[in-house]
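Start at 1 with the first residue, then count along the sequence. Quantities reported herein were computed from a predicted structural model and do not represent experimental measurements.
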Amino acid sequence: MSRYRFGIVSYDVMSDPELSSKAKGLYSLLCCYADKNRICFPTKSRLADELDVSQKTIKRYLKELYNKKYIKRNGLKITVK
């Protein structure tokens with residue numbers, strides 16, 4: 001069985017010149033995990049493995065996205081814009 005993932009990304013996020021390209025990549029990956037309500041809950045470990053970076057780096061990119069209000073956190077759940 002093939003595994004296809006896709007996500008709908010916000011143009012506002014992707015065109016933000018103040019956001020690093022790596023944070024944009026993380027945002028895109030989060031969108032691939034998001035359900036129809038734009039909620040996802042992948043682990044930092046999974047995200048780090050998929051982007052081939054450390055969990056510390058994932059935390060830094062998540063912080064960028066939180067600070068710009070492109071994602072919100074509620075417990076383990078992340079809501080993407």
Side-chain angles (χ1 to χ4, degrees):
M1 179 170 89
S2 294
R3 188 179 105 182
Y4 294 101
R5 281 198 183 264
F6 62 92
I8 298 173
V9 299
S10 169
Y11 179 77
D12 292 341
V13 177
M14 300 311 289
S15 63
D16 185 340
E18 296 176 3
L19 195 64
S20 72
S21 60
K22 297 189 182 211
K24 291 175 185 181
L26 175 58
Y27 172 81
S28 298
L29 182 59
L30 290 171
C31 289
C32 290
Y33 280 103
D35 62 15
K36 65 181 179 179
N37 297 315
R38 308 291 287 164
I39 297 172
C40 61
F41 43 94
T43 64
K44 287 182 186 88
S45 174
R46 156 106 54 217
L47 296 171
D49 286 347
E50 291 201 27
L51 294 178
D52 196 28
V53 297
S54 69
Q55 289 185 42
K56 184 177 178 180
T57 300
I58 291 295
K59 288 179 187 179
R60 190 170 58 245
Y61 300 154
L62 286 171
K63 186 175 180 180
E64 268 190 78
L65 294 167
Y66 289 134
N67 289 341
K68 297 289 282 183
K69 299 190 182 348
Y70 292 136
I71 60 174
K72 291 185 235 176
R73 187 162 196 155
N74 184 6
L76 296 176
K77 296 179 183 177
I78 296 174
T79 304
V80 294
K81 176 179 177 181

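- Inter-residue side-chain proximity for Ile78 and Tyr33 is flagged as unmet; no heavy-atom pair is nearer than 4.5 Å.
- Side chain of Asp16 to backbone of Asp12: no donor-acceptor contact under 3.5 angstrom is found.
- In terms of heavy-atom proximity, Tyr70 sits nearest to Tyr27 at O-CE1, 4.1 Å.
- Side chain of Lys72 to backbone of Thr79: no donor-acceptor contact under 3.5 angstrom is found.
- Among all heavy-atom pairs drawn from Cys40 and Leu30, the shortest one is SG-O, 3.7 Å.
- Leu62 is connected to Leu51 through a chain of hydrophobic side-chain contacts under 4.5 Å among Ile, Leu, Val, Met, Phe, Trp and Tyr, so both are in one cluster.
- The shortest non-hydrogen separation linking Cys32 to Gly7 is SG-N, 3.9 Å.
- Taking hydrophobic clusters as Ile, Leu, Val, Met, Phe, Trp and Tyr residues chained together by side-chain heavy-atom distances below 4.5 Å, Val53 shares a cluster with Leu65.
- Taking CZ of Arg46 as the start and CG of Asp49 as the end, the distance is 8.0 Å to the nearest 0.5 Å.
- Residues Ile8 and Arg38 form a side-chain contact, since some pair of their non-hydrogen atoms from C-beta on lies under 4.5 Å apart.
- Annotation: Lys68, atom NZ; neighbour count of heavy atoms from other residues, nucleotides and ligands within 6.0 Å is above 12.
- Between Lys22 and Leu26 the shortest side-chain heavy-atom distance does not fall below 4.5 Å.
- Nearest heavy-atom pair, Leu19 versus Lys24, reported as atom, atom and distance to 0.1 Å: O-CE, 3.4 Å.
- Using a 4.5 Å heavy-atom threshold, the side chains of Asn74 and Ile39 count as separate.
- Glu64 places a side-chain N or O within donor-acceptor distance of the main-chain N or O of Ser20, the cut-off being under 3.5 Å.
- With a 4.5 Å cut-off on side-chain heavy atoms, Arg60 and Thr57 count as touching.
- Separation of atoms CD (Glu50) and CD1 (Ile58) is listed at 9.5 Å; rounding is to 0.5 Å.
- Panel note: side chain Arg73, backbone Gly75; a donor-acceptor pair is recorded below 3.5 Å.
- When atom types are taken as modelled, the side chain of Asp35 and the backbone of Asn37 share a donor-acceptor pair closer than 3.5 angstrom.
- Judged by distance alone, the side chain of Tyr61 and the main-chain N or O of Gly25 form no donor-acceptor pair under 3.5 Å.
- Here the closest non-hydrogen pair linking Phe41 and Leu76 is CB-O, 3.4 Å.
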